[in-house]
Amino acid sequence: MGNLAWWQKAVIYQIYPRSFADSNGDGIGDIPGIISKLDHLRDLGIDVIWLSPVYASPNEDNGYDISDYMSIHPDYGTMDDFEQLIREAKARGISVIMDLVINHTSTEHEWFQKSRQGIEPYKNYYYWSDTWAGTPNNWTGFFGGSCWEKDAVRGASYLHLFAPHQADLNYHEPKVFEEVERILRFWLEKGVRGFRCDVVNVLYKDNLANGKKKLVLTGSEHYLSLPGTHDILHKIHKILVGYDAFTVGETVFVDTKEANFLTLPEREELNMVFGFEHMEIDQIIVKWFHTKFHWDQFVKVLARWQKEVRWNTLYFENHDQPRSTSRFGSKQYPEASAKLLATLLLTLRGTPFIFEGQEIGMRNFDYGSMDEIRDVESLNIYGLLSKAHVPARLKWYMIRNVSRDNARTPMQWDDSAYAGFMENDDGAARPWLQVNSNYKEINVKAQQADPSSVLHYYKELIRFRKEQDDLLEGDFELLAGTARYTLYRRGRFYILLNHSDAPLKISAVRKLLPSEYQVAFSTHSKDAPSDAGAALSAKGASLAPWQAVILQS
Ligand code: ISL
Ligand code: CA
């Protein structure tokens, strides 16, 4: 195990603070709430938590629109609370990484407020149409529509690749990176061990000429993974080296080649990146055009990244994606599906990321209408669809399947009111986003008491993974990847997944397995009873629907 860095051996857990645990009954998750749940994470075997933004923010995009990078949003607590979180986590062997959102700031940030008034040194901190020839240009943004917003104060427009309240920072102005450096050091000095870097491969825009017209993201050739961005990442790397901290970049539209450019150790940029290719199997061009999910295509993409990228992140969920059990699993066997997905996540080569609630198999929201939706992206797209006179039923279908709110419903801790996410003494406050009504069946407390639960399975498999060099460092080889089943090898382990609603005869893959093997690990699910241990090695044995096994040669 000697060759891996600490963050390569780690299992990372993403917390979306607004939805995790509310300590003071205002309906909004907060830092004291997180502290109160650290034992759950320690018991699960988590080494690092990634905190989605907790900075001061008007919350147009739930904190991805920062108005002060060096303070904590009062909704989430105080700087003292944050420092206590670092200490309490450390006492449990857990490190904390922050979300670093430096492509854009909130338009409420002081820099923007001064920039719009032309006050130095902030005047050129953003991309303004009065300083760039040919602007506003024809670029289109990530949340749909134009990337330019008129500002009456300055009498010019500014660039925003995301929501209009998220103004893009101009890295042609050297002072902007000086600010970034101050922010990095501020948090590193507090004991933060790294950063998840938001949309970090679009930081540098080479020029602001019109882009080639495209169905999505017209203009992206002027900012996707350009040399100017690689330079910025190298500077960030230099700052972090002194702290034994790491970075994981959220990188949009990268292939395996670009992923390596961004992460190969000798290039001294990022440590790892989140690619999107495996998350795009069920969409046509944009996620709003939903199409059938195919397991063989999914595994093919994962296997290619396993082969071609030196060190991968492994993730099936985050705060922008629907729940994986609902999305990739079986309607008939959801519990078995959640365990099969856990097996895949934790036996591939790379650093696994678990999103809050994934460890209990939380599902997509069950809302009936737009009234419950809070996400700025869903609201924007709904508005655009309405303008285009898309029929109501179709609009709702598009939003329901892929809305980011699917993953953002409050964490389900127990079967009390609001799933134990918040105390509800006077009944006045409600969670900021509605709880999924399945919380009586799916919650942490119930699963703690049930040794056959999804939660226990995660716990046991995380422990097993940490003990097995072959699962950490072993090579990867895809042996079979069909619509019904997948077989791959990691070192001396063979992982067999039956991702179908029918049983799978082991004889189907017998010739791909070693002549002798033992069952090292197997899922067992109430919704699909299965054979275990010796019975699985017997001639004629079969896997139950959605059963996953780890065989050892
Ligand atoms: O979710 C997406 C589309 O539905 C992605 O395109 C997403 O916008 C993209 O991955 C960037 O995401 C990150 O930056 C956004 C923020 O809204 C997301 O929550 C964050 O993960 C802007 O800061
Ligand atoms: Ca609160």
Side-chain angles (χ1 to χ4, degrees), residues 14 16-36 50-55 57 59-66 72-78 81 99-106 140-144 147 160-169 196-203 216-217 220 224 248-254 273-277 279-280 283 285-290 315 317-322 353 355 374-381 398-399 401-408 410-411 418 421-424 429-432:
Q14 180 190 355
Y16 196 67
R18 220 173 171 70
S19 303
F20 192 61
D22 171 23
S23 71
N24 61 352
D26 64 357
I28 300 172
D30 47 51
I31 294 173
I34 297 173
I35 295 173
S36 74
W50 147 28
L51 279 188
S52 274
V54 289
Y55 314 95
S57 162
N59 278 331
E60 297 289 343
D61 189 16
N62 286 354
Y64 285 90
D65 49 326
I66 298 171
I72 300 290
H73 195 299
D75 280 356
Y76 299 130
T78 62
D81 292 330
D99 216 306
L100 184 73
V101 188
I102 53 169
N103 176 65
H104 44 264
T105 74
S106 164
T140 56
F142 282 77
F143 294 160
C147 289
H160 63 89
L161 291 185
F162 294 87
H165 309 84
Q166 293 165 306
D168 283 50
L169 284 165
R196 175 269 187 187
C197 309
D198 192 63
V199 288
V200 79
N201 66 322
V202 308
L203 294 184
V216 285
L217 293 186
S220 60
L224 272 184
V248 48
E250 186 210 25
T251 47
V252 289
F253 300 98
V254 293
V273 296
F274 292 120
F276 281 78
E277 234 189 296
M279 299 300 255
E280 291 165 353
Q283 51 189 247
I285 306 173
V286 285
K287 67 178 194 174
W288 309 102
F289 298 110
H290 188 66
Y315 79 97
E317 291 188 16
N318 62 37
H319 64 294
D320 291 335
Q321 302 285 344
F353 287 74
F355 179 65
R374 299 286 172 270
D375 174 30
V376 62
E377 182 192 54
S378 298
L379 298 171
N380 267 3
I381 296 292
M398 291 169 88
I399 300 286
N401 276 318
V402 290
S403 170
R404 306 194 296 184
D405 280 348
N406 277 305
R408 298 178 180 184
M411 179 73 182
Y418 301 136
F421 163 73
M422 64 182 288
E423 295 281 336
N424 179 35
R430 298 183 46 197
W432 72 278

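In listed order, ligands and their atoms are each counted from 1.
Under the 3.5 Å distance criterion, the side-chain polar atoms of Y55 are matched with a main-chain donor or acceptor of D99. Of the possible donor and acceptor atoms, none in the side chain of D375 sits under 3.5 Å from a partner among the backbone N and O of D405.
A cation-pi arrangement, defined by a distance under 6.0 Å to the six-membered ring centre and an angle within 45 degrees of its axis, is absent between R374 and W432.
No option in Y315, F355, F253 other than Y315 meets the ring-ring contact (aromatic ring centres under 6.0 Å, His included) test with F274.
Within a radius of less than 3.0 Å around the Ca ion (ligand 2), the protein N, O or S atoms are D22 OD1, N24 OD1, D26 OD1, I28 O, D30 OD2.
Ring pair H319/Y16 is parallel by interplanar angle, where below 30° counts as parallel and above 60° as perpendicular.
Around ligand 1, the residues contributing at least one heavy atom under 4.0 Å from the ligand are D61, Y64, H104, F142, F143, F162, Q166, R196, D198, V199, E250, F276, K287, H319, D320, E377, R404, R408.
Not counting sequence neighbours, N401 has no partner by the side chain to side chain donor-acceptor pair (under 3.5 Å) test. Remark: D81 engages no residue in a salt bridge (Lys or Arg N to Asp or Glu O under 4.0 Å) (not counting sequence neighbours).
For the pair Q166 and F143, the minimum side-chain heavy-atom distance is below 4.5 Å.
Salt bridge R408/D320: present, at least one basic N to carboxylate O contact under 4.0 Å.
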